[in-house]
Protein chains: 2
Amino acid sequence: MVIECRLMRSPEELVKSFRESGRKVTPQREKIFQILQGNKTHPTAESVYAELLREMPTVSLKTVYQTLHELVGMGEISPLDLGTGSARFDPNQSTHHHLVCTRCHSVKDLYLDIEDIQIPGEQLEGFDAGTAEITFRGHCSKCRTAVSGQSQIAVHQG
Amino acid sequence: MVIECRLMRSPEELVKSFRESGRKVTPQREKIFQILQGNKTHPTAESVYAELLREMPTVSLKTVYQTLHELVGMGEISPLDLGTGSARFDPNQSTHHHLVCTRCHSVKDLYLDIEDIQIPGEQLEGFDAGTAEITFRGHCSKCRTAVSGQSQIAVHQG
DNA sequence: TGGTAAACGAAAATCATTGTTTTTTGGCCC
DNA sequence: GGGCCAAAAAACAATGATTTTCGTTTACCA
């Protein structure tokens with residue numbers, strides 16, 4: 001499997017693309033583009049909002065959601081539901097999978113060179129599978145230490 | 001990879017287990033055990049509640065959530081976040097994956113006989129991956145027909 | 001059979017997200 | 001540069017899923 005690199009376009013290109021598709025470009029939107037560019041933290045709407053607030057104290061969360069949805073619709077970012085409570089958005093559009101820490105909810109990208117997974121036909125029952133995401137769950141290095149440390153005083157928890 | 005079969009224990013065994021661990025057994029809980037046993041619909045808390053209501057009109061949703069969480073904590077059922085809006089619970093604890101219909105949100109179990117997936121060490125960075133779930137997204141046979149039919153009148157939507 | 005901690009039910013609270021309404025503004029026309 | 005108008009923003013109410021709170025009831029061990 002060849003891994004191809006597809007990142008979200010640059011803020012400048014997005015501005016152009018927004019205008020071309022009849023969308024308007026506002027300072028709020030431009031700033032959101034910048035926050036997302038090259039962002040590898042798999043931000044939630046809330047975390048984008050928090051960063052945006054630092055420069056635009058009156059911006060509303062609704063605006064963030066709306067812009068993120070526009071970007072998803074245009075195929076610039078991917079929505080991600082990793083079971084961490086809120087939706088995440090990923091400007092990295094390359095084929096990749098995720099490591100999710102079940103303790104601190106951090107997410108790390110994973111590039112796997114795996115063969116296409118074969119699904120036995122009798123189990124498909126006419127299902128048309130377009131995408132396959134693999135989510136690995138466990139503990140990140142930080143939490144692994146924290147958990148083993150913690151277990152000495154709270155063995156019976158969890 | 002050998003697929004081993006681990007189902008939720010029977011209602012009778014769960015009653016015993018609840019008592020042994022200091023938990024109390026109420027009629028509400030017993031009924032929830034029965035609803036879950038052998039259930040392959042990946043029910044949400046809400047759908048368990050709906051079924052429970054038929055026999056116990058005064059039961060509260062809170063009771064359902066509490067009991068489901070107890071069962072998750074005891075390892076009898078698995079919580080499942082498949083991006084369908086609400087958490088689902090699966091009494092089937094065998095290693096399996098899921099087909100999720102992006103249109104009607106139905107979920108189907110999938111038993112894949114795949115090798116353990118190798119993660120390149122340099123990408124792991126000390127991460128300790130315990131589980132790997134593969135989620136296939138696409139359209140179930142019903143929705144496949146529905147979607148292609150619909151597209152003739154609403155080509156520009158979506 | 002009674003005491004007590006656990007579980008229950010009802011309703012309010014919370015969290016993530018979406019709708020609604022009113023006001024503001026980007027981008028085109030002159 | 002000023003005006004227009006639909007799109008976007010802001011403020012805020014509303015929704016759906018889940019959790020908290022709190023007063024009441026109940027399982028179960030003594």
Side-chain angles (χ1 to χ4, degrees), chain A residues 11-12 14-33 35 42-74 77 79-89 105 107, chain B residues 11-12 14-33 35 42-74 77 79-89 105 107:
Chain A
E12 296 73 37
L14 289 178
V15 165
K16 193 157 157 270
S17 179
F18 260 55
R19 292 224 172 92
E20 279 169 8
S21 59
R23 293 173 174 90
K24 290 180 179 173
V25 176
T26 62
Q28 290 90 335
R29 288 180 165 189
E30 282 195 272
K31 186 64 199 166
I32 292 172
F33 299 164
I35 290 171
H42 308 79
T44 60
E46 196 70 42
S47 70
V48 171
Y49 176 59
E51 193 162 344
L52 192 55
L53 265 187
R54 295 216 297 262
E55 304 205 13
M56 299 182 173
T58 69
V59 79
S60 88
L61 186 53
K62 177 73 200 296
T63 301
V64 174
Y65 273 105
Q66 188 164 298
T67 305
L68 291 173
H69 287 322
E70 299 275 356
L71 288 168
V72 169
M74 294 166 68
I77 62 177
L80 220 54
D81 190 325
L82 297 169
T84 52
S86 39
R88 290 162 174 272
F89 297 86
H105 291 168
V107 179
Chain B
E12 298 72 38
L14 289 178
V15 166
K16 194 157 157 270
S17 180
F18 261 54
R19 293 224 171 89
E20 280 169 7
S21 59
R23 294 173 174 90
K24 290 180 179 172
V25 176
T26 62
Q28 291 90 332
R29 290 180 164 189
E30 282 196 271
K31 186 64 199 165
I32 291 173
F33 299 164
I35 289 171
H42 309 80
T44 60
E46 197 70 41
S47 71
V48 171
Y49 177 59
E51 191 162 345
L52 192 56
L53 266 187
R54 295 216 297 262
E55 304 204 12
M56 299 182 173
T58 69
V59 80
S60 86
L61 189 53
K62 162 77 198 295
T63 301
V64 174
Y65 274 104
Q66 185 164 299
T67 306
L68 291 174
H69 287 322
E70 300 276 355
L71 287 167
V72 169
M74 294 166 69
I77 63 178
L80 221 52
D81 189 322
L82 297 169
T84 53
S86 40
R88 290 163 174 272
F89 297 87
H105 291 166
V107 179

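Nothing here was measured: the structure is a model prediction, and the numbers come from that model. First the proteins, then the strands, lettered A, B, ... as listed; each starts at 1.
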Notebook entry, point to check: Between atom NZ in Lys62(B) and atom P in dT20(D), what is the gap in whole Å?
Noted result: 8 Å
Next item on the list: Verify the contact: side-chain N or O of Tyr65(B) to OP1 or OP2 of dT18(D), cut-off strictly under 4.0 Å; return yes or no.
Entry: yes
Margin query: Using a 3.5 Å limit on both distances, find every run of at least three consecutive Watson-Crick or G-U pairs that involves DNA chain C.
Written below: C:1-30 with D:1-30
Next item on the list: For Leu80(B) and dT18(D), give me the distance from atom CG to atom P, rounded to whole Å.
Entry: 12 Å
Checklist line | Leu14(A) side, atom CG; Glu70(A) side, atom CD - distance, nearest 0.5 Å | finding: 11.5 Å
Margin query: Ignoring hydrogens, what is the shortest heavy-atom contact between Val64(B) and Ala45(B)? Give both atom names and the distance.
Written below: CG1-O, 3.6 Å
Margin query: Between Arg19(A) (side chain only) and Val25(A) (backbone N and O only), is there a donor and an acceptor less than 3.5 Å apart?
Written below: no
Checklist line | Separation of Arg23(B) CZ from Leu71(B) CG (nearest 0.5 Å) | finding: 8.5 Å
Next item on the list: Would you tell me if any nitrogen or oxygen in the side chain of Ser60(A) comes within less than 4.0 Å of OP1 or OP2 on dC12(D)?
Entry: no
Notebook entry, point to check: Between Phe18(B) and Lys24(B), what is the shortest heavy-atom contact and its length?
Noted result: CD2-O, 3.9 Å
Note to self: Please give me every residue in residues 48-57 of chain B whose heavy atoms get under 4.0 Å of an atom in DNA chain D, ordered by residue number.
What the structure shows: none
Notebook entry, point to check: Heavy-atom distance under 4.5 Å between the side chains of Ser86(B) and Glu46(B), does that happen here?
Noted result: no
Check: On DNA chain C, nearest-nucleotide positions of Val59(B) versus Ala87(A): which is more 5'?
Finding: Val59(B)
Margin query: I need the CG-C1' distance between Leu61(A) and dC12(D), as an integer number of Å.
Written below: 13 Å
Check: Does Thr58(B) make a side-chain N or O approach to OP1 or OP2 of dC8(C) shorter than 4.0 Å?
Finding: no
Item checked: Closest non-hydrogen atom pair, Ile32(A) against Thr63(A) -> CD1-O, 4.4 Å
Notebook entry, point to check: Would a 4.5 Å heavy-atom cut-off, applied to side chains only, mark Arg29(B) and Gln66(B) as touching?
Noted result: yes
Check: Under 4.0 Å: is that the gap between some side-chain N or O of His69(A) and OP1 or OP2 of dT18(C)?
Finding: yes
Note to self: Looking at every heavy atom in both Ser17(A) and Met74(A), which two are closest together, and how far apart are they?
What the structure shows: OG-CE, 3.2 Å
Check: Would you say Phe33(B) and Thr67(B) make side-chain contact, with heavy atoms under 4.5 Å?
Finding: yes
Notebook entry, point to check: Sub-3.5 Å donor-acceptor pair from the side chain of Arg88(A) to the main-chain atoms of His42(A), do we have one?
Noted result: yes
Notebook entry, point to check: Do any of residues 15-33 of chain B sit with a heavy atom less than 4.0 Å from DNA chain D, and if so which?
Noted result: Arg19(B), Lys24(B), Val25(B), Pro27(B)
